[in-house]
Amino acid sequence: MLKTIVLIGMMGSGKTSVGKELAKKLNLSFIDIDQEIERKYNKTVIEIFLKKGEPFFRKAEENISCKLINGKPSVISLGGGGYLNKKIRNKIKLYGISIWVNTNLENIYHRINKSKNKRPLLDYKNLKKTLKKIYDERKPIYKKADFVIKSNSDSKKETVKKIIEIL
Ligand code: S3P
C-alpha cells in the first residue's frame, strides 16, 4: 500500500513540478509545504523570513510537515531545508517514503536564476558558490532518503517515470 510520498532535496531541484506530475499520475493529492505555510500566514516565504525570522519559519515548517506526513497516500514536496529537521525525518520514517530528487548543481543554478520565486537563503551575487556550499553541507543528510532519483537533463515526465518504477 502507498504511504505519504515525500520529495526532498535542494531548492530549485524540481520537487514541486515533479511532485505535481507524480500526484496526477498516481491519482493522489499534491501538497507543497511552502505553499501551506504561505497560506497559513498569508505571507510569502521571503516575507516570513524577513518579518519573523528563520527560526519562526522552521518551526512552522516542522508543525505543518509533521501534521501532513501522516501516512495518508499523497505526494508532498518538502522545502529544501525541511529534511534537515530530525522530527520531520522521523515522521517520514514512520509514515512515509522519502525520495531525494537529486538534480545537479548546474541545472539547479539555471532553474533558480530564471525563477521568480526568490529564496531568502541565497546570495544572488554569488549564486553558484552559495548553492554549492548549501549542497555540500546538506548532501550527507539528503543521502539518508529511502530512494535517490537523479534528475539531471531528464524531462519532468522521465523523472516521474523513474519514481513510479521504484515505488
Ligand atoms: C529553503 C527552501 C525553500 C523554502 C525556504 C528555505 C531551504 O523551499 O522552504 O526558502 O532551506 O532550502 P524550496 O526547496 O521549495 O525552494
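We count ligands from 1, going down the list as the structure has it; atoms in each ligand are counted the same way. Numbering starts at 1 and runs along the sequence shown.
In Arg111, neither the side chain nor the backbone holds a heavy atom less than 4.0 Å from any atom of ligand 1. Only the side chain of Leu121 comes within contact range of ligand 1, with a heavy atom under 4.0 Å; no backbone atom does.
The protein heavy atom nearest to atom 7 (C) of ligand 1 is Gly81 N, 3.3 Å. Nearest protein heavy-atom contact of atom 16 (O) of ligand 1 is Arg119 NE, 2.9 Å. Here the heavy atom of the protein found nearest to atom 12 (O) of ligand 1 is Arg138 NH1, 2.7 Å. Among all protein heavy atoms, the one lying closest to atom 2 (C) of ligand 1 is Gly80 N, 3.4 Å.
Within a 6.0 Å radius of CG in Asp136, other residues, nucleotides and ligands contribute more than 12 heavy atoms. Heavy-atom contacts from other residues, nucleotides or ligands closer than 6.0 Å to CZ of Phe49 number more than 12. Shown here is Lys118, whose NZ atom has more than 12 heavy atoms of other residues, nucleotides or ligands within 6.0 Å. Within a 6.0 Å radius of CG in Asp123, other residues, nucleotides and ligands contribute more than 12 heavy atoms. For Lys72, the NZ atom sits in a loose shell: 12 or fewer heavy atoms of surrounding residues, nucleotides or ligands are nearer than 6.0 Å.
Those atoms of ligand 1 that come under 4.0 Å of a heavy atom in Gly79, given as number and element, are 8 (O), 9 (O), 14 (O). When each atom of ligand 1 is checked for a heavy atom of Pro120 under 4.0 Å away, the hits are 10 (O). Close approach of ligand 1 to Lys15 is summarised as follows: ligand atoms under 4.0 Å from at least one heavy atom of the residue are 13 (P), 14 (O), 15 (O). Taking every heavy atom of Val45 and a limit of under 4.0 angstrom, the matching atoms of ligand 1 come to 5 (C), 10 (O). Taking a cut-off of under 4.0 Å to the non-hydrogen atoms of Asp34, the atoms of ligand 1 that pass are 3 (C), 4 (C), 8 (O), 9 (O), 13 (P), 15 (O). Atoms of ligand 1 found under 4.0 Å from any heavy atom of Phe57 (numbered from 1 in listed order, with element): 9 (O).
Evaluated for a side chain to side chain contact (heavy atoms under 4.5 Å, CB included) with Phe30, the options Thr16, Ile76, Leu22 yield exactly one hit, Thr16.
Classification of Lys40 and Glu36 as a salt-bridged pair fails, no side-chain N sitting under 4.0 Å from a carboxylate O.
In this structure, Arg58 counts as a contact residue of ligand 1, since one of its heavy atoms falls inside 4.0 Å of the ligand.
Inter-residue side-chain proximity for Ile37 and Val45 is flagged as unmet; no heavy-atom pair is nearer than 4.5 Å. A 4.5 Å side-chain heavy-atom check between Phe57 and Glu62 finds every atom pair outside the cut-off.
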